[in-house]
Amino acid sequence: MNTKVWKVDNYVDKLETNPQIVDAAQLLRDNEVVAMPTETVYGLAGNAESDAAVSKIYEAKGRPGDNPLIIHIAEKQQLEQFVAEVPEKAEMLMGEFWPGPLTIIFKKKPGALSEKATAGLDTVGVRMPNHPVALALLKSCGLPIGAPSANSSGKPSPTTAQHVLDDLQGKIAGVLDGGATGVGVESTVVDCTESIPVILRPGGVTKEQLEAVVGEVLVDRALTDEHEKPKAPGMKYKHYAPNAPLYLVSGTRAFIQQLVDEKRQEGLKVGVLTTEEHQAEFAADFVLACGKRAELETVAAALYDTLRRFNQLEVDVIYSEMFPTEGVGHAIMNRLQKAAGHKIINQ
Ligand code: TXA
Ligand code: MG
């Protein structure tokens, strides 16, 4: 399949009538799948009402069929089509964070969406992305759109159109190139089907921000105990792993350097994942700065690109600094721990 690449200027007026968006929207109505930029990561969009379209998403990504898709909408009224009830706390969260990096789990209206899109569950995750290209595409096609991250299953999520092409070229109908995404980690997934909301996946909206709006918010126990079964099916899979083994190091930079030196003496090519503040302090084969530690948002924005760059550099082993788990640091450490397969070295 020839994968079309449409370059879109995010800031032109009337994006919905932009010929590239109209072209991509028509492909969605024809049950083809196309990648779109969102404010978090690129998503692989397909018609969530169609088994055929949803199957194409799972096939292109090599995604296990038990992992449901997030449904993307452009208008709140679309919820009525496929959500059974909207609890008050969900209403408050939507008012504050939509459009934005927050996915809310609702009880589903039976039969309204492809069963494959929700992996047969009686709940459905929904979000309204805050990106002009995504919103224009959603409005132009008028469909509820299933959109997982547009990477091959297991790889780091894509934050540029090039990342999408690296994984999916030839397997999807097209990609709308709206430049690099902003947030860099996926949306926060919050279950609002019980009286107290529960975070199933940390992401772009922090626990502190949610609590400021709805009071108490719980965190799925699987996020702090790797032996618990996660409530979000996708959270049980190993994800984001670079090709080389990645170790998170809790210790001083001198200690990390010592680990690096030992491996280099064995003749291995060693990478270090650090931040701009500390880049000059390390001597390794490749020292990559992932944003600025003093601004964790910049670390989130650069994280997946940094993990992908290590693959191009063909290192044998990677050591990474750790980050504080406050604010978006919670999502950063969650993704890094998965990428490392929970391998942590304590000094
Ligand atoms: O930022 C994002 O959310 C991106 C962009 C493209 O919107 N999308 C994304 O989708 O990260 P995906 O498929 O990579 O991750 C969806 C996560 C998975 O862990 C999945 O198991 C969970 O959401 N999920 C979806 N529906 C669910 C449901 N009904 N109950 C529990 N978890 C659900
Ligand atoms: Mg994903």
Side-chain angles (χ1 to χ4, degrees), residues 33-46 48 54 57-58 60-74 82-84 97-108 113 115-131 133-135 137-138 145-159 163-164 167-168 175-176 178 181-194 197-205 220 222-223 229-241 300 304 328 331 334-335 338-339:
V33 297
V34 302
M36 63 175 178
T38 80
E39 81 282 31
T40 58
V41 300
Y42 274 72
L44 182 57
V54 170
I57 293 177
Y58 282 89
K61 281 181 59 83
R63 181 181 177 99
D66 70 347
N67 188 5
L69 308 180
I70 292 171
I71 309 304
H72 293 61
I73 58 173
F82 56 87
V83 162
F97 298 110
W98 279 13
L102 183 69
T103 293
I104 300 179
I105 309 289
F106 297 95
K107 292 196 175 118
K108 187 179 83 170
L113 297 171
E115 278 294 308
K116 289 185 179 183
T118 53
L121 299 178
D122 55 9
T123 56
V124 57
V126 191
R127 92 175 189 100
M128 187 188 291
N130 188 15
H131 192 288
V133 173
L135 286 171
L137 181 66
L138 293 168
I145 290 295
S149 48
N151 50 292
S152 293
S153 219
K155 287 269 168 65
S157 298
T159 53
H163 293 163
V164 176
D167 284 11
L168 302 180
V175 52
L176 285 160
T181 59
V183 178
V185 291
E186 298 88 337
S187 61
T188 302
V189 176
V190 63
D191 184 349
C192 285
T193 60
E194 307 282 343
V198 187
I199 295 176
L200 307 188
R201 177 177 75 177
V205 175
D220 185 6
L223 292 177
K229 182 169 177 260
K231 292 205 179 74
M235 294 294 280
K236 69 176 175 286
Y237 293 107
K238 190 166 176 243
H239 261 328
Y240 316 113
Y304 294 143
V328 76
N334 171 264
R335 307 307 192 270
K338 280 167 159 279

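The model shown is predicted, which means the values in this text are computed figures rather than measured ones. Counting starts at 1 for both ligands and their atoms, in listed order.
Under a 4.0 Å heavy-atom criterion, A147 is in contact with ligand 1. Contact annotation: N67 has at least one heavy atom less than 4.0 Å from an atom of ligand 1. Under the 4.0 angstrom criterion for non-hydrogen atoms, H72 is in contact with ligand 1. Residue-ligand proximity: P101 is placed with every non-hydrogen atom at 4.0 Å or more from ligand 1. For M36, the closest heavy-atom approach to ligand 1 does not fall below 4.0 Å.
Residues S152 and L168 are in side-chain contact: their nearest non-hydrogen atoms beyond the backbone lie under 4.5 Å apart. Within the 4.5 Å cutoff, the side chain of Y237 has heavy atoms near those of the P64 side chain. Using a 4.5 Å heavy-atom threshold, the side chains of F82 and I73 count as touching. Side-chain contact between L176 and Y42: absent, with no pair of heavy atoms (C-beta onward) separated by less than 4.5 Å.
At a 4.0 Å heavy-atom cut-off, ligand 1 touches L200 through the side chain alone. Proximity of R63 to ligand 1, defined as any heavy-atom pair under 4.0 Å, is confined to the side chain (atoms from C-beta onward).
Rounding to the nearest 0.5 Å places CH2 of W98 at 5.0 Å from CD1 of I104.
Checked against a 3.5 angstrom limit, the closest N/O atoms of E186 and ligand 1 fall outside it. Checked by distance only, ligand 1 and T38 stay at 3.5 Å or farther apart across all their nitrogen or oxygen atoms. At least one N or O atom of G234 sits closer than 3.5 Å to an N or O atom of ligand 1. Checked against a 3.5 angstrom limit, the closest N/O atoms of S149 and ligand 1 fall inside it.
Scanning the protein for heavy atoms near atom 26 (N) of ligand 1, the closest one is P68 CG, 3.4 Å. Looking from atom 29 (N) of ligand 1 to the surrounding protein, the closest heavy atom is T123 OG1, 3.0 Å. Counting only heavy atoms of the protein, atom 3 (O) of ligand 1 lies nearest to S187 OG, 2.6 Å. Here the heavy atom of the protein found nearest to atom 28 (C) of ligand 1 is I105 CD1, 3.5 Å. Looking only at heavy atoms of the protein, atom 16 (C) of ligand 1 is closest to I70 CD1, 3.5 Å. In terms of protein heavy-atom proximity, atom 6 (C) of ligand 1 is nearest to G43 CA, 3.4 Å. From the protein, the heavy atom lying nearest to atom 22 (C) of ligand 1 is A232 CB, 4.1 Å. Among all non-hydrogen protein atoms, the one lying nearest atom 17 (C) of ligand 1 is R201 NH1, 3.7 Å.
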When you look at S187 and T103, which way does the side-chain hydrogen bond (donor to acceptor under 3.5 Å, both in side chains) test go after all the steps? CA-CA 6 Å; S187 61; T103 293; 2.8 Å; yes

Give the C-alpha distance, both sets of side-chain angles, the deciding distance and a yes or no for side-chain hydrogen bond (donor to acceptor under 3.5 Å, both in side chains) between E186 and S149. CA-CA 8 Å; E186 298 88 337; S149 48; 4.6 Å; no

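Under the side chain to side chain contact (heavy atoms under 4.5 Å, CB included) rule, V189 has a single partner from M235, K231, R201, which is R201.
Looking at Y304, its side chain never comes within 3.5 Å of a backbone N or O of Y240 through a donor-acceptor pair. Looking only at distances, no side-chain donor or acceptor of K61 sits under 3.5 Å from a matching main-chain atom of A150.
Annotation for ligand 1: atoms under 4.0 Å from non-hydrogen atoms of R127 are 1 (O), 2 (C), 3 (O), 5 (C), 7 (O). The ligand atoms of ligand 1 that sit less than 4.0 angstrom from a heavy atom of K231 are 31 (C).
Among all heavy-atom pairs drawn from D66 and P233, the shortest one is O-CB, 3.4 Å. Taking every heavy atom of both residues into account, L200 and I105 meet most closely at CD1-CG1, 4.3 Å.
Not one N/O/S atom of N151, from backbone or side chain, sits under 2.8 Å from the Mg ion (ligand 2).
For R127 and T38, the side-chain atoms include at least one donor-acceptor pair closer than 3.5 Å.
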